[in-house]
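In listed order, ligands and their atoms are each counted from 1. Only this structure's heavy atoms are used, side chains among them; waters, hydrogens and symmetry mates stay out.
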Amino acid sequence: MKNDLSNIKKAKYYLDKKECIGIPTETVYGLAANAYSNLATSKIFKLKRRPKYNPLIVHYSNLNDLKKDCEINQNFMKLYKEFCPGPLTFVLKLKKNSKISKYVTNNKSTLAVRFPMHPLTKSLLKILSYPLAAPSANITTKISPVSKDDVKEEFGKKIKFILDGGRSKVGLESTIISLINKPKIMRLGGTEIEKINKIFKREIKLDNKNKKKITPGQGKLHYSPGIPIRLNKNKSAPDEAFILIKKRKLSDKNYFYLSKSQNLNEAARNLYKILRMIKKKKYKKIVVEKIPNKGLGKTINDRLVRASKK
Ligand code: TXA
Ligand code: MG
């Protein structure tokens, strides 16, 4: 606890100096900077090698702070009450007098916002006088980090500090819902779509096709381990890493279990960790068993399909 407190203070020190740092969230680790500062947020794009047109998510600890930057509406309040803090991001209208840096939004009039659940990041946000812009803390198109070591692997000495909050509990990025007009899901993620539909008592449309270049994260080669992936297969060759979701009678050293009991939350938590591990073991190919397409299984399948695109 004492250690956590001094680390949170250290995190604040670097952020106040307009530096980028690694922060833990329940979804994945973020590369965070002062969302009100052009200088601080421009560093995020440089470090991640992220195209400038791809806007950032801004993280808040409370509703009052959010209201300084965005217009909220009834749909937002319904979801906020049910899911926040948690793995859900809202796209809202940016207020004209908001101090959010133009780099965060790419000069657009909408802002993606979220309330992370991780206790260290919640405490950190509470002592800051600005919200945090934070994309996933990986080099663009690579696998998102779910631990301090993963972030280190991505950026090495290029970032000054990483707040260590252990393994991310959800393990996949937040679900993104646009509330600008009719609610639309922009990215599948850590909040199950079925639960969102229940709140609205109807099926919310999924609009995650990368028509224009403003909703990336949806691009080809995203979440990519950089090696070919074959999906929905029952067998693997010995030189292929085989990703499984339920226990097999016999096991082999190329088997990697997301879960041994088809537990989709457990599988989500393990996905990026296992993809990273497979890459480190220098496998050149990946095969994946069929994963049930419900709950977080939908998000897992979404990421695997994107990762499998060449
Ligand atoms: O779980 C998460 O959401 C993590 C943690 C760190 O919070 N963050 C994350 O950020 O995944 P990032 O930058 O890797 O993905 C954010 C996605 C991008 O695909 C971006 O295009 C989209 O959100 N986005 C950001 N602002 C947007 C906006 N105003 N309208 C539509 N999409 C937006
Ligand atoms: Mg990302």
Chemist: Judged on heavy-atom distance to atom 8 (N) of ligand 1, which of Pro87, Gly22, Ala134, Gly30 sits nearest?
Modeler: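 Among Pro87, Gly22, Ala134, Gly30, the closest heavy atom to atom 8 (N) of ligand 1 comes from Ala134.
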Chemist: Evaluate Tyr29 for polar contact with ligand 1, using N/O atom pairs at a separation under 3.5 Å.
Modeler: no
Chemist: Check ligand 1 against Ala112 and write out every atom of the ligand that is under 4.0 Å from a heavy-atom position of the residue.
Modeler: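 Under 4.0 Å from Ala112, ligand 1 has these atoms: 25 (C), 26 (N), 27 (C), 29 (N).
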Chemist: If you measure from NZ on Lys169 to OG1 on Thr27, what distance do you get to the nearest 0.5 Å?
Modeler: 12.5 Å
Chemist: Indicate if the distance from the Mg ion (ligand 2) to the nearest N, O or S atom of Thr140 falls below 2.8 Å.
Modeler: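 Under 2.8 Å: Thr140 has no N, O or S contact with the Mg ion (ligand 2).
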Chemist: Which atoms of ligand 1 are found less than 4.0 Å from any heavy atom of Asn54?
Modeler: 18 (C), 20 (C), 21 (O)
Chemist: Side chains of Asn138 and Tyr29: is there a donor and an acceptor less than 3.5 Å apart?
Modeler: no
Chemist: Do the two ring centres, one from Tyr80 and one from Phe115, sit under 6.0 Å apart?
Modeler: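 Yes, close enough.
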Chemist: May I ask you to list the atoms of ligand 1 that are less than 4.0 angstrom from any heavy atom of Val91?
Modeler: 29 (N), 30 (N), 31 (C)
Chemist: Given a cutoff of under 4.5 Å between side-chain heavy atoms of I, L, V, M, F, W and Y, with clusters grown through shared members, what are the other residues clustered with Phe242?
Modeler: Leu244, Tyr255, Tyr257, Val287
Chemist: Quick one: look at Thr27 and ligand 1, take heavy-atom pairs under 4.0 Å, and tell me if it's side chain, backbone, both or neither.
Modeler: side chain
Chemist: Pick out which of His118, Arg114, His59, Lys122 makes a side-chain hydrogen bond (donor to acceptor under 3.5 Å, both in side chains) with Thr25.
Modeler: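 Single side-chain hydrogen bond (donor to acceptor under 3.5 Å, both in side chains) partner of Thr25 among His118, Arg114, His59, Lys122: Arg114.
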Chemist: Indicate, with yes or no, if the rings of Phe45 and Tyr53 have centres closer together than 6.0 Å.
Modeler: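 Ring-ring flag for Phe45/Tyr53: false, centres at least 6.0 Å apart.
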Chemist: Looking only at heavy atoms of Arg187, does any of them come nearer than 4.0 Å to an atom of ligand 1?
Modeler: yes
Chemist: With a 6.0 Å cut-off on ring centres, are Phe76 and Phe90 close enough?
Modeler: yes
Chemist: Determine whether the side chain, the backbone, both or neither of Ile176 has a heavy atom under 4.0 Å from any heavy atom of ligand 1.
Modeler: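 Side chain only; the backbone of Ile176 stays clear of ligand 1.
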Chemist: Test of understanding: given a 4.0 Å heavy-atom threshold, classify the contact between Arg50 and ligand 1 as side chain, backbone, both, or neither.
Modeler: side chain
Chemist: Select one of side chain, backbone, both or neither to describe which atoms of Lys108 lie under 4.0 Å from any atom of ligand 1, heavy atoms only.
Modeler: neither
Chemist: Is it the case that the side chain of Asn254 and the backbone of Ala237 share a donor-acceptor pair, with hydrogens and angles ignored and the cut-off at 3.5 Å?
Modeler: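 Here the side-chain-to-backbone pair exists.
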Chemist: To which of Pro51, Ser178, Pro55, Ala137 does the heavy atom nearest atom 26 (N) of ligand 1 belong?
Modeler: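 Of the listed residues, Pro55 has the closest heavy atom.
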Chemist: For Glu154, which of Lys48, Arg276, Arg49 qualifies under salt bridge (Lys or Arg N to Asp or Glu O under 4.0 Å)?
Modeler: Arg276
Chemist: What part of Ser174 sits under 4.0 Å from ligand 1 if we count only heavy atoms: the side chain, the backbone, both or neither?
Modeler: both
Chemist: Any atoms of ligand 1 less than 4.0 Å from a non-hydrogen atom of Ser136? List them with their elements.
Modeler: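 This gives 8 (N), 9 (C), 10 (O), 12 (P), 14 (O) as the contact atoms.
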